[in-house]
Amino acid sequence: ANWIIKNKFNNCDLDRFPYWLRNKVDKFSNGLINSTRDTCQGYFCEHYNKCFVNRLKLATRESNVIVSNHSLVFSDTWSKPSFSVLPYGFKVLVIDEAINIEDAATNASTETYSKNEFDYLVKEFYDKAHPKKSFIRRIEKYLEKIGDERLYSRIGNIKNVVNELLRNNQALFNIMTDEVAGQTLEYDDRKEIFPFFIEQISVPSQNIFLGLNEAITFLDTIYQLYCDQNENNFCKEVNNYKVRLNNYSRFISVLSELNKTEYIFYRVVSALKDDLSLNYCYKNVGKYLDINLYGKDLKSIIFTSATLTYNKSFDFIKKVWGLDLISDGKLNYARLPNYFDYEKQCALILINELPNRNRDNQKENQRSFYPLNADFLKNLLIANNGSALLVFSNKKDVVKFSELLIEALDNNNIPLYSTERSNDLRIMSGNKSSIVEEFKECIESCLIGTKGLREGINVPGSSLEMV
């Protein structure tokens, strides 16, 4: 924590961590070090004033122009300026590469119930294995100090409620993982949720809903009696737990209604089968944009991108983005001339003779998909003397293909840069910005990474001739 506070870059880029912390990276994936919308306490956190994210947001208050990525703009709560990267009262928003805002808005509007994150929250509130470290212990001491015997007598019942929450959360996990029992998952298993699935999980989900409401009522009583005019750390934590538990209660309430007119519902079982999540998001992202973007007090919103029209018409984005909810008098469309001659300056080659991935048979992928596609790429990259960007849909494929390609590329003196770490020291890896800069400077090399490389980078000249 001290290192992060002193970090002059004001960010949490793992590649800038000291070696002793970088070597403990597994703790991030195991959830011991994490911060999501559910676990971040915002201004309730005792470290809020030292937090690098908060300091970065405060710095934007003194700026006339702010450059941000799509995800940060849409994920922040504009109604709470202290949480937002955007300053209160700004009037003009310019969104470049606007073709991607559908994905950004969908991600921002997606609500998630994660089994592991729920366990983490509940055990933080009360953990039978470590009772003295739980927040419920602080409540006990507080109620003892003020002498409220009535509320103090309810603590034993609340502890039982918490234990039941954990038990039913595990029951929910067991039901969902039964669907993929005996399967080897190469990727996260995603499936849409239908009414029969809601019936399968109705008992544990209803028990979780009732248990959450009982815990929320207990915390709300404490807050109403002793914290309404008090802003000490204890009261902030009471409110924080109440808000976080209520988010899960509201999620289960929406899930039980299964309103497929407004939302898409789906469940995800992780590839390692060590976590699951229930999720829902807007079916029509235009409604979300109408509430969270168009409905704000902005003078102008400007969308720019090279691919906003289809058959020279804006009708498609008008429907998908919810622009048809805005009066025509407030909308202006403009198609600007394109100075890139696609017919003369590039060629599009489609390969249809290579094997497709078999998502249900990992052994088949190891036998044919990976080696045959890697052989094709080797010949292509060597024939072109590198100068190529390879983009994959997931990190696992980046690592796999890097290791399959490096021997042939190294033998032909073609350096390989990757955004993902590899055990092979011949593969040069690093964060996106630094590795792209090295790729630019090294003509006749290759860069491999995930779809994040599709945008936000510029590699002019002969360093990049093939994608």
Where do [X] and [Y] come nearest, in terms of heavy atoms and distance?
| X | Y | value |
| --- | --- | --- |
| Leu165 | Phe118 | O-CE2, 4.1 Å |
| Ile66 | Ser63 | CG1-CB, 4.0 Å |
| Thr110 | Cys281 | OG1-CB, 3.3 Å |
| Asp275 | Ser114 | OD2-OG, 3.3 Å |
| Met466 | Gly386 | CE-O, 4.5 Å |
| Ser134 | Asp127 | OG-N, 2.8 Å |

Does [Y] offer a backbone N or O that forms a donor-acceptor pair with the side chain of [X] under 3.5 Å?
| X | Y | answer |
| --- | --- | --- |
| Asn240 | Lys236 | no |
| Asn384 | Leu380 | no |
| Arg190 | Val269 | no |
| Asn292 | Tyr288 | yes |
| Ser249 | Asn246 | no |

Gap separating the [atom1] atom of [X] from the [atom2] atom of [Y], nearest 0.5 angstrom:
| X | Y | atom1 | atom2 | result |
| --- | --- | --- | --- | --- |
| Cys442 | Leu447 | SG | CG | 11.0 Å |
| Phe265 | Leu255 | CZ | CG | 6.5 Å |
| Leu381 | Leu416 | CG | CG | 8.5 Å |
| Leu172 | Ser205 | CG | OG | 7.0 Å |
| His70 | Asn107 | NE2 | CG | 12.5 Å |
| Leu405 | Cys446 | CG | SG | 8.0 Å |

Considering residues at least two apart in sequence or located in another chain, which fulfil the ring pair (Phe, Tyr, Trp, His ring centres under 6.0 Å) criterion with Phe135?
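Ring pair (Phe, Tyr, Trp, His ring centres under 6.0 Å) check on Phe135 returns Phe234, Tyr241.
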
What verdict does the side-chain contact (heavy atoms from CB on, under 4.5 Å) test give for Lys432 and Leu453, after you've listed the backbone C-alpha separation in whole Å, the side-chain angles of each residue and the deciding distance to 0.1 Å?
CA-CA 8 Å; Lys432 176 181 171 181; Leu453 291 174; 4.1 Å; yes

Check step by step if side-chain contact (heavy atoms from CB on, under 4.5 Å) holds for Ser445 and Tyr417.
CA-CA 8 Å; Ser445 65; Tyr417 296 95; 3.7 Å; yes

Would you call [X] and [Y] a side-chain contact if the rule is heavy atoms closer than 4.5 Å?
| X | Y | result |
| --- | --- | --- |
| Thr450 | Ser393 | no |
| Lys115 | Leu278 | no |
| Ile175 | Pro204 | yes |
| Tyr280 | Leu258 | no |
| Ile443 | Ser463 | yes |
| Lys128 | Tyr126 | yes |
| Arg267 | Asp189 | yes |
| Lys283 | Glu262 | no |

Has Asn379 got more than 12 heavy atoms of other residues, nucleotides or ligands less than 6.0 Å from its CG?
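Count over threshold, so yes.
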
Lys133 atom NZ, neighbour heavy-atom count above 12 within 6.0 Å:
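No, NZ of Lys133 has 12 or fewer neighbouring heavy atoms, counting only those of other groups under 6.0 Å.
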
Might you work through the side-chain contact (heavy atoms from CB on, under 4.5 Å) test for Leu245 and Leu121, ending with a clear yes or no?
CA-CA 8 Å; Leu245 292 172; Leu121 170 61; 3.8 Å; yes

How are the rings of Phe251 and Tyr113 set to each other: parallel, tilted or perpendicular (split at 30° and 60°)?
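Correct class here is tilted.
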
What about the rings of Phe209 and Tyr248, do their centers lie closer together than 6.0 Å?
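Not under 6.0 Å, so no.
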
Evaluate the side-chain contact (heavy atoms from CB on, under 4.5 Å) criterion for residues Phe197 and Met176: first the C-alpha distance (whole Å), next the side-chain angles of each, then the deciding distance (0.1 Å), finally the verdict.
CA-CA 9 Å; Phe197 178 78; Met176 291 178 66; 3.7 Å; yes

Any chance you could lay out the side-chain hydrogen bond (donor to acceptor under 3.5 Å, both in side chains) test for Ser402 and Asp424, step after step, and finish with the verdict?
CA-CA 9 Å; Ser402 296; Asp424 195 317; over 6 Å; no

Quick one: side chains of residues 314-323, donor-acceptor pairs under 3.5 Å with protein atoms, not counting sequence neighbours, listed by atom name and distance.
residue	atom	partner	partner atom	Å
Asp315	OD2	Ser313	OG	3.2
Lys318	NZ	Asp328	OD1	3.4

Start with the C-alpha gap between Gln170 and Asn174, add the side-chain angles, then the distance that decides, and say whether side-chain hydrogen bond (donor to acceptor under 3.5 Å, both in side chains) holds.
CA-CA 6 Å; Gln170 184 62 45; Asn174 293 341; 3.0 Å; yes

Side chains of Thr112 and Asn279, donor plus acceptor under 3.5 Å:
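Checked: Thr112/Asn279 side chains pair up, N/O donor to acceptor below 3.5 Å.
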
With distance as the sole criterion, is a donor-acceptor pair present between the side chains of Tyr370 and Asp397 under 3.5 Å?
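Yes.
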
Run the salt bridge (charged side-chain N to carboxylate O under 4.0 Å, His left out) check on Glu117 and Arg244 step by step: do they pass?
CA-CA 11 Å; Glu117 288 183 12; Arg244 291 162 71 190; over 6 Å; no

Before you tell me yes or no, could you show the steps for Asn431 and Ser434 under side-chain hydrogen bond (donor to acceptor under 3.5 Å, both in side chains), namely the whole-Å CA-CA distance, both residues' side-chain angles and the distance that decides it to 0.1 Å?
CA-CA 6 Å; Asn431 62 58; Ser434 63; 3.0 Å; yes

Intermediate values then yes/no, side-chain hydrogen bond (donor to acceptor under 3.5 Å, both in side chains), Ser422 and Glu403:
CA-CA 8 Å; Ser422 171; Glu403 293 172 349; 3.3 Å; yes

Hey, can you pull the donor-acceptor pairs under 3.5 Å for the side chains in residues 93-103, sequence neighbours left out?
residue	atom	partner	partner atom	Å
Asp96	OD1	Thr304	OG1	2.8
Asn100	ND2	Glu455	OE1	2.6

Residues Asp410, Arg426; criterion salt bridge (charged side-chain N to carboxylate O under 4.0 Å, His left out); working and verdict:
CA-CA 8 Å; Asp410 189 53; Arg426 295 173 296 180; 3.8 Å; yes

In this structure, which one of Arg421, Glu420, Lys400 forms a side chain to side chain contact (heavy atoms under 4.5 Å, CB included) with Lys395?
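That would be Glu420.
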
Option passing side chain to side chain contact (heavy atoms under 4.5 Å, CB included) with Ser418 (candidates Ile406, Leu390, Ile448):
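The option that passes is Ile448.
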
Checking Lys287 against Tyr282: charged group under 6.0 Å from the ring centre and within 45 degrees of the axis?
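No; the conditions do not both hold, so Lys287 does not lie above the ring face of Tyr282.
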
